[in-house]
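Below, each value reflects all heavy atoms present in this structure, side chains not excepted, and no hydrogens, waters or symmetry copies. Letters go in sequence order (proteins before strands), and every chain restarts at 1.
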Amino acid sequence: MRQQLRQNIIGVCQRLFNQEVDVVLTRPDSQFGDFACNVALQLAKPLGKNPREVAQMIADELAQDELLQSVSVAGPGFINMFLTDEALLKLAGSHYEGGAGQTVVIETNNPNPFKAMHIGHAYNAITADTMANLLQYEGNDVHRVSYHGDVGAHVGKSMYSILEWLDGDTSKLETIAIDERNSFMSEHYARGAAAYDKDETTKQKINELAKQSFKLDDQTYKTVYEICIAWSFEEIDRIIDRLGNNRVEKRYLESQANALGVATVQDHVGTVFRESDGAVVFDGEQYGSFTNVFVASNGEGLYAARDLGLMQLKHQDFQADKSYIVTGGEQRDYFKGVIAAAEQCLPDLKGVTVNVSTGLVKLSTGKMSSRTGDVLDIHWLFEQMEEAVEARGSAADHILLGAIRYEFLKVKIGSDVVFDVGEAVSIKGNTGPYLQYAHARARSILRKSEIQSENIMNLEEDERSLVRKLGEYEQTVELAVSELLPHYVCTYLYELAQVFNRFYESNTVIGHEREAQRLQLVDMYSQTLRNGLDILNITAPEQM
RNA sequence: GCGCCCUUAGCUCAGCUGGAUAGAGCGUCUGACUUCGGAUCAGAAGGUCGGGGGUUCGAAUCCCUCAGGGCGUACCA
């Protein structure tokens, strides 16, 4: 429908001026029209004509178009178009059709075991999972995976503290209740991290324990390590579920990726990599990165080498056309280097891996997630949200979820998120619960009416503005999908709900002479709302 | 030092590949309720789009420069 109009305009320009133009239909202020385009401004220069004159010529031709009710020229040479009611209704009823049909892998969460999940992890997981939804909407075969650091320095730190606490008696672990495990782990990590900086002997000891995470050749170590890993993954699954995310179909571990990554690096020393002070490094400067160590001078693989291994594991499993890795912005330059190195070692993977970087999560109270403070523990967030939701008289889990998810998703990926608990659950303004309430309200009207809806044909003024907004949905989803940015959907849904609430404020549905027709509008509206919320994995409730 | 990112209303953010009077929410002030669910709606105040140049018919958007902030810069992940 939109494409048809676009083609018609291209056709007109072709006929009139014999010019190939790229027509972009924009949505102007509603006073101007349903669509606008600026082709006349583009054409004026090559044609050597006055833009308004060109616009008028095009407009005169377009006036014949059966999709259009009226066409006018305004400003410097904009062509403004109003659709016929029929065309507008058709547009409102159309759905975004994808069609990419590629195979895609995306990491939708990657918290490390032995550490507590914090708000940053939640943000990352929600963002990535919603991106995965968008990729599915596009028609791709999407595989959600995760990747976790089960080896290395942080494991050494945790193990140091835990082993010291156990003092040889591994059965002490059984005394830790399920809901205490998360804080148990984070406390020991914090203690180990503190000990690491204390003195040289402890540091050596922890480094040794970190090494053991690769080998697991000590029986006590192995037993404790495996229990803690299991706890961590149970906890991660619980939190992922609670956040409303989809589970992953495959979980990758750094320990699995390590050997393959190191071998790949060793195979390319002298060509892609070079040796320096006994370590193997990649010079990433020309790729916007920096010189980065892939294999340490002691021969052990580092994070970068493991990423190289991981890319190959994913490729073996899925042969994906695209592979998305969603991380914090601080890893942006790092990934430029790793991806450049990977493409040189593994030509099959050229153009496959994409790193999407998110911003930091800050709290409105001013504390930042990079701090080690436990106030940013994910459970703390849940508690805060629960309290706030209950204080407003609604304790439903899906409202809490809608509030959290929407608060994260409404900001553009890449900019920092300032998370304000009070605002997120306020149920007023641009929030998840506002949209959920809007949906419940619309459904309530549909339940309450006792007559059948009828096809609406011509539109009254207020009805028209609602239908116009509904007609923007398909374009919005297309934009969100093509740029992989969920916030477009959020912004649109909020505006849609506002438009409806305005309509509803001054137009009755039930009992009105146009009740049957308006019921159809309410139905279209509630479905659009639900479809949009589905993309965000936010429940559209029947009532609240 | 070098590199990347950011700077829009008091606060938190949008602003669609440069386009028409720069838009929302929160907060503040003023209104609308025997409510088809007021968890709503209407209105007001509030902006030299960090500063300065440039390109263009036209710049919050592109280029240069300066200031301020964040992140990254070799064996952490």
A.B. asks: Using the C1' atom in both, what is the distance from B:C6 to B:C49, to the nearest Å?
C.D. replies: 14 Å
A.B. asks: Measure from CG on A:Asn355 to C1' on B:G72 and round the result to the nearest Å.
C.D. replies: 13 Å
A.B. asks: Taking only the C1' atom of each, what is the distance from B:U8 to B:A59 in whole angstrom?
C.D. replies: 14 Å
A.B. asks: Quantified in whole Å, what is the C1' atom distance between nucleotide B:U73 and nucleotide B:G27?
C.D. replies: 41 Å
A.B. asks: Using only atom types and a distance under 3.5 Å, with no angle test, would you say the side chain of A:Glu472 pairs donor to acceptor with the backbone of A:Lys469?
C.D. replies: no
A.B. asks: Tell me, do A:Tyr324 and A:Thr353 make a side-chain contact under 4.5 Å, heavy atoms counted?
C.D. replies: no
A.B. asks: Heavy atoms, side chains only, cut-off 4.5 Å: are A:Asn207 and A:Tyr196 in contact?
C.D. replies: yes
A.B. asks: Give A:Asn80 one of three labels, base, sugar-phosphate or nothing, depending on what nucleic acid heavy atoms sit under 4.0 Å from its own.
C.D. replies: base
A.B. asks: Is there a residue in residues 501-512 of chain A whose heavy atoms reach under 4.0 Å of RNA chain B, and which residues are they?
C.D. replies: A:Asn501, A:Arg502, A:Tyr504, A:Glu505, A:Asn507, A:Thr508, A:Val509, A:Ile510
A.B. asks: C1' atom, B:U12 versus B:G1: distance in rounded Å?
C.D. replies: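 About 35 Å, rounded to a whole number of Å.
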A.B. asks: When the nearest nucleotide of RNA chain B is assigned to A:Phe32 and to A:Val293 on a heavy-atom basis, which residue is associated with the more 5' position?
C.D. replies: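 Between the two, 5'-proximity favours A:Phe32.
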A.B. asks: Tell me what A:Gln498 touches on the nucleic acid: a base, only sugar-phosphate, or nothing, going by heavy atoms under 4.0 Å.
C.D. replies: sugar-phosphate
A.B. asks: Nearest to the side chain of A:Lys428, heavy atoms from C-beta on, is which of B:G3, B:G27, B:A77?
C.D. replies: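 Side chain of A:Lys428 sits closest to B:G27.
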A.B. asks: Given the P atoms of B:C63 and B:A39, what is the spacing between them in whole Å?
C.D. replies: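 Going atom to atom, P in each nucleotide, I get 48 Å.
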A.B. asks: What is the separation between atom CG on A:Leu435 and atom C1' on B:A39, rounded to the nearest whole Å?
C.D. replies: 12 Å
A.B. asks: Under 3.5 Å, is there a donor-acceptor pair between the A:Asn430 and A:Tyr406 side chains?
C.D. replies: yes
A.B. asks: Report which part of the nucleic acid A:Ala153 touches: base, sugar-phosphate, or nothing (heavy-atom distance under 4.0 Å, all strands).
C.D. replies: sugar-phosphate
A.B. asks: Round to the nearest Å and state the distance from A:Met544 atom CE to B:U35 atom P.
C.D. replies: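 Spelled out: CE on A:Met544 to P on B:U35 is 21 Å.
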A.B. asks: Does A:Ser444 reach the side chain of A:Arg441, with side-chain heavy atoms less than 4.5 Å apart?
C.D. replies: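 Side chain of A:Ser444 against side chain of A:Arg441, heavy atoms only: no contact under 4.5 Å found.
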A.B. asks: Return yes if the base of B:U21 and the side-chain atoms of A:Gln31 contain a donor-acceptor N/O pair under 3.5 Å, otherwise no.
C.D. replies: yes
A.B. asks: Output the residues of residues 299-307 of chain A in contact with RNA chain B, where contact means a heavy atom of the residue under 4.0 Å from an atom of the strand; sort by number or write none.
C.D. replies: A:Leu302, A:Tyr303, A:Arg306
A.B. asks: Just to be sure I understand: a Watson-Crick pair is purine N1 to pyrimidine N3 plus N6-O4 or O6-N4, both under 3.5 Å. Using that and G-U wobbles, which stems of three or more pairs involve RNA chain B?
C.D. replies: B:1-7 with B:67-73, B:10-13 with B:23-26, B:28-32 with B:40-44, B:50-54 with B:62-66
A.B. asks: Treating A:Gln520 as the side-chain partner and A:Ile456 as the backbone partner, does any N or O pair qualify as donor plus acceptor under 3.5 Å?
C.D. replies: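 It does hold such a pair.
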A.B. asks: How many whole angstroms separate atom NZ of A:Lys157 from atom C1' of B:C76?
C.D. replies: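 About 7 Å, once rounded to whole Å.
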A.B. asks: Is the distance from OP1 or OP2 of B:G38 to the nearest side-chain N or O of A:Arg441 less than 4.0 Å?
C.D. replies: yes
A.B. asks: What nucleic acid atoms does A:Pro51 come within less than 4.0 Å of, heavy atoms only: base, sugar-phosphate, or nothing?
C.D. replies: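 No contact at all - A:Pro51 keeps every heavy atom at 4.0 Å or more from the nucleic acid.
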A.B. asks: Please report whether the ring centroid of A:Tyr494 lies less than 6.0 Å from that of A:Tyr434.
C.D. replies: yes
A.B. asks: Rounded to whole Å, please give me the gap between NZ in A:Lys211 and P in B:C76.
C.D. replies: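 Between P of B:C76 and NZ of A:Lys211: 11 Å.
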A.B. asks: Verify the ring-centre separation between A:Phe78 and A:Phe32: is it less than 6.0 angstrom?
C.D. replies: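 Centroid distance A:Phe32-A:Phe78: not below 6.0 Å, so no.
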A.B. asks: Could a donor-acceptor pair under 3.5 angstrom be found where the side chain of A:Ser276 meets the base of B:A74?
C.D. replies: yes
A.B. asks: Over how many whole Å does the gap from A:Phe500 atom CZ to B:C36 atom P extend?
C.D. replies: 13 Å
A.B. asks: Distance alone, cut at 3.5 Å: any donor-acceptor contact between the side chains of A:Thr291 and A:Asp283?
C.D. replies: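 Judged by distance alone, the side chains do pair up.
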A.B. asks: For residues A:Gln517 and A:Ser453, is any side-chain donor paired with an opposing acceptor at under 3.5 Å?
C.D. replies: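 A:Gln517 vs A:Ser453: no donor-acceptor pair found between side chains.
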A.B. asks: Do any side-chain nitrogens or oxygens of A:Thr26 fall under 4.0 Å of OP1 or OP2 in B:C16?
C.D. replies: no
A.B. asks: Which part of the nucleic acid, if any, lies within contact of A:Gln286, taking any heavy atom under 4.0 Å across all strands shown: a base, the sugar-phosphate backbone alone, or nothing?
C.D. replies: nothing
A.B. asks: Do A:Ser146 and A:His148 get their side chains close enough for a donor-acceptor pair, meaning under 3.5 Å?
C.D. replies: yes
A.B. asks: Using atom C1' of each nucleotide, how far apart are B:G18 and B:C4 to the nearest Å?
C.D. replies: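 Approximately 25 Å lies between the C1' atom of B:G18 and that of B:C4.
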A.B. asks: Using atom C1' of each nucleotide, how far apart are B:G53 and B:G46 to the nearest Å?
C.D. replies: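 The answer is 30 Å between these two C1' atoms.
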A.B. asks: Describe the nucleic acid contact of A:Ala438 in one word from base, sugar-phosphate, nothing, applying a heavy-atom distance below 4.0 Å.
C.D. replies: nothing
A.B. asks: Are A:His398 and A:Pro541 packed together at the side-chain level, in the sense that at least one heavy-atom pair is separated by less than 4.5 angstrom?
C.D. replies: yes
A.B. asks: What's the closest nucleotide to the A:Thr291 side chain, out of B:G72, B:A77, B:A74?
C.D. replies: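 The answer is B:A74, which lies nearest to the side chain.
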A.B. asks: Return a single string for nucleotides 7-15 of chain B, one symbol per nucleotide in 5' to 3' order, where B is base contact, S is sugar-phosphate-only contact and - is none, cutoff 4.0 angstrom on heavy atoms.
C.D. replies: -----SSSS
A.B. asks: If you only use heavy atoms from C-beta on, which nucleotide in B:C4, B:G37, B:G19 is closest to the side chain of A:Asn38?
C.D. replies: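 The answer is B:G19.
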A.B. asks: Go nucleotide by nucleotide along RNA chain B from the 5' end; which of A:Gly278 and A:Gly329 gets its closest nucleotide reached first?
C.D. replies: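 Looking at the nearest nucleotide for each, A:Gly329 comes out on the 5' side.
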A.B. asks: Determine the Euclidean distance between corresponding C1' atoms of B:C2 and B:G10; express it in Å to zero decimal places.
C.D. replies: 37 Å
A.B. asks: Would you classify A:Ala44 as touching base, sugar-phosphate or nothing, given that sugar-phosphate means primed atoms plus P, OP1 and OP2, and contacts are heavy atoms under 4.0 Å?
C.D. replies: nothing
A.B. asks: Are A:Tyr147 and A:Glu254 close enough that a side-chain donor and a side-chain acceptor fall under 3.5 Å?
C.D. replies: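 Side-chain D/A pair, A:Tyr147 to A:Glu254: absent.
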A.B. asks: So what does A:Asn112 hit on the nucleic acid, given a heavy-atom distance under 4.0 Å: a base, only sugar-phosphate, or nothing?
C.D. replies: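 Sugar-phosphate contact only - A:Asn112 comes under 4.0 Å of backbone atoms but never of a base.
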A.B. asks: Within this structure, what is the CG-to-C1' distance between A:Asn207 and B:C76, rounded to whole angstrom?
C.D. replies: 11 Å
A.B. asks: Measure OH/A:Tyr525 against P/B:G37 and give the value in whole Å, please.
C.D. replies: 14 Å
A.B. asks: List, one per line, each side-chain donor-acceptor pair under 3.5 Å for residues 293-304 of chain A, sequence neighbours excluded.
C.D. replies:
from, atom 1, to, atom 2, distance (Å)
A:Asn298, OD1, A:Glu300, N, 2.9
A:Tyr303, OH, A:Gln331, OE1, 3.4

A.B. asks: What residues, two or more places apart in sequence or in another chain, satisfy ring pair (Phe, Tyr, Trp, His ring centres under 6.0 Å) together with A:Phe408?
C.D. replies: A:Tyr123, A:Phe419
A.B. asks: Counting only side-chain heavy atoms from C-beta out, which of B:C5, B:C57, B:C75 sits nearest to A:Arg332?
C.D. replies: B:C5
A.B. asks: Looking for any heavy atom pair under 4.0 Å, which part of the strands does A:Phe290 touch: base, sugar-phosphate only, or nothing?
C.D. replies: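 Result for A:Phe290 = sugar-phosphate.
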A.B. asks: May I ask you to check whether A:Thr431 and A:Glu407 show a side-chain donor-acceptor distance below 3.5 Å?
C.D. replies: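 Not at all, the side chains of A:Thr431 and A:Glu407 share no donor-acceptor pair under 3.5 Å.
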A.B. asks: Looking at side-chain heavy atoms only, is the closest gap between A:Ile126 and A:Leu409 below 4.5 Å?
C.D. replies: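 They are in contact (side-chain heavy atoms under 4.5 Å apart), so the answer is yes.
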A.B. asks: A:Asn124 versus A:Thr327: any side-chain heavy-atom pair under 4.5 Å?
C.D. replies: no
A.B. asks: Once you apply a heavy-atom cut-off of 4.0 Å, does A:Gln543 come out as touching a base, just sugar-phosphate, or nothing?
C.D. replies: base
